[in-house]
Amino acid sequence: PALVAEHFNYWMEKEATKEDKKRNVLLRGFYDRENAKSFKVRGVLSDKYTVLDNDEVLEGLVEVANDLPDFNIESLYDNDKKLHIRLSFNDKFANFGISPEGKNDIIKVGLDIQNSEIGYSSLIISPITYRLVCTNGLKMWRAEEGSLKQRHVHMTTFELKELMQG
């Protein structure tokens, strides 16, 4: 963190000396719960960055959930960098028998949803096949078919939300 701060301050100071090239930046961060006056920076982004918070992605999922087949949330991962949700649809599966380890070898169809509030990842919604016999779910898909991948630029927040729910 100290090296990142040093680099950021260096480049911001260097940019500030260029009268014809002043740029704005978007700081994403939060206030420390223990010290409300302490602001922690999570990300430094271009002023062209389109904000789509993880809670907005979850709200969008809730809004379309009634239109989706019956599903399970197989995993949900959320940290300072990224949100990742994996859904599997309960009525879209095939049983391939018993694995060599004696487990049911079931493959389900589902969705992978990813987002980052700080530019670490695009908004990505991908169809997946989810193999339950694997401990990590073995996801597999063809990226060019049926996936949504949109960087957080060149759109308004409203347009990005509409695209996500479409």
Side-chain angles (χ1 to χ4, degrees), residues 1 3-33 35-89 92 108-130 137 139-166:
L3 183 59
V4 171
E6 182 180 335
H7 281 256
F8 174 75
N9 290 330
Y10 170 82
W11 287 108
M12 288 304 291
E13 188 174 310
K14 188 171 181 138
E15 286 291 317
T17 62
K18 299 177 183 177
E19 289 299 322
D20 61 331
K21 293 189 178 181
K22 296 230 182 218
R23 294 184 357 191
N24 293 321
V25 294
L26 171 65
L27 296 177
R28 299 294 322 249
F30 60 90
Y31 285 98
D32 189 335
R33 289 185 179 140
N35 180 2
K37 294 181 182 179
S38 174
F39 185 76
K40 307 259 184 192
V41 175
R42 294 174 58 209
V44 179
L45 304 155
S46 160
D47 60 348
K48 294 174 180 63
Y49 184 83
T50 303
V51 175
L52 181 65
D53 289 334
N54 292 337
D55 60 344
E56 294 173 301
V57 172
L58 293 170
E59 287 170 7
L61 179 59
V62 168
E63 287 179 24
V64 299
N66 288 335
D67 296 331
L68 295 175
D70 184 34
F71 66 89
N72 285 334
I73 297 176
E74 297 293 343
S75 64
L76 186 139
Y77 177 76
D78 186 16
N79 67 9
D80 286 346
K81 292 182 179 179
K82 189 175 182 180
L83 169 70
H84 183 201
I85 305 167
R86 183 172 294 162
L87 308 175
S88 68
F89 300 122
K92 310 263 189 234
K108 289 185 175 183
V109 174
L111 289 175
D112 246 17
I113 303 167
Q114 298 179 52
N115 187 54
S116 175
E117 298 175 329
I118 61 166
Y120 185 77
S121 169
S122 300
L123 170 65
I124 303 170
I125 302 174
S126 304
I128 61 166
T129 54
Y130 185 75
K139 78 176 191 177
M140 182 179 80
W141 70 95
R142 295 180 68 166
E144 66 276 2
E145 292 180 18
S147 294
L148 164 68
K149 183 174 184 178
Q150 176 61 50
R151 293 177 49 215
H152 288 247
V153 292
H154 309 300
M155 304 183 93
T156 66
T157 300
F158 178 79
E159 290 170 329
L160 196 53
K161 284 178 164 179
E162 287 288 309
L163 185 63
M164 177 183 68
Q165 293 176 354

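No hydrogens, no waters, no symmetry mates; every other heavy atom, side chains included, goes into these values.
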Show the nearest heavy-atom pair for residues [X] and [Y], with the distance to one decimal.
| X | Y | answer |
| --- | --- | --- |
| Leu163 | Met155 | CD2-CE, 4.0 Å |
| Tyr49 | Val153 | CA-CG1, 4.2 Å |
| Ser116 | Ser121 | CB-N, 3.2 Å |
| Glu117 | Arg28 | O-NH1, 3.3 Å |
| Gln150 | Leu160 | CG-CD1, 3.4 Å |
| Arg42 | Asp80 | NH2-O, 2.7 Å |

Please round to the nearest 0.5 Å and tell me the distance separating atom [atom1] of [X] and atom [atom2] of [Y].
| X | Y | atom1 | atom2 | value |
| --- | --- | --- | --- | --- |
| Leu83 | Leu61 | CG | CG | 9.5 Å |
| Ile118 | Tyr120 | CD1 | OH | 9.0 Å |
| Gln114 | Ile85 | CD | CD1 | 10.0 Å |
| Thr50 | His154 | OG1 | NE2 | 8.5 Å |
| Ile124 | His84 | CD1 | NE2 | 9.0 Å |

Handout entry: Audit row: Lys108, Asn72, side-chain contact (heavy atoms from CB on, under 4.5 Å) steps and yes/no
Key = CA-CA 10 Å; Lys108 289 185 175 183; Asn72 285 334; 3.7 Å; yes
Practice task
Decide yes or no for Ile73 and Leu87: does some side-chain heavy atom of the first lie under 4.5 Å from some side-chain heavy atom of the second?
Solution key: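 Contact flag for Ile73/Leu87 side chains = yes.
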Handout entry: Any side-chain heavy-atom pair of Leu123 and Leu148 under 4.5 Å
Key = yes
Practice task
Please assess Leu45 against His152 for the test side-chain contact (heavy atoms from CB on, under 4.5 Å), listing each intermediate value before the final yes or no.
Solution key: CA-CA 10 Å; Leu45 304 155; His152 288 247; over 6 Å; no
Practice task
Could you tell me whether the side chain of Asn115 and the main chain of Leu52 form a donor-acceptor pair under 3.5 Å?
Solution key: yes
Practice task
Could you tell me whether the side chain of Asn79 and the main chain of Lys81 form a donor-acceptor pair under 3.5 Å?
Solution key: yes
Practice task
I would like to know whether Ile128 and Leu111 meet side-chain contact (heavy atoms from CB on, under 4.5 Å); could you show each step before the answer?
Solution key: CA-CA 5 Å; Ile128 61 166; Leu111 289 175; 5.8 Å; no
Exercise for the section: Check step by step if side-chain contact (heavy atoms from CB on, under 4.5 Å) holds for Ser122 and Arg151. Expected result: CA-CA 5 Å; Ser122 300; Arg151 293 177 49 215; 3.5 Å; yes
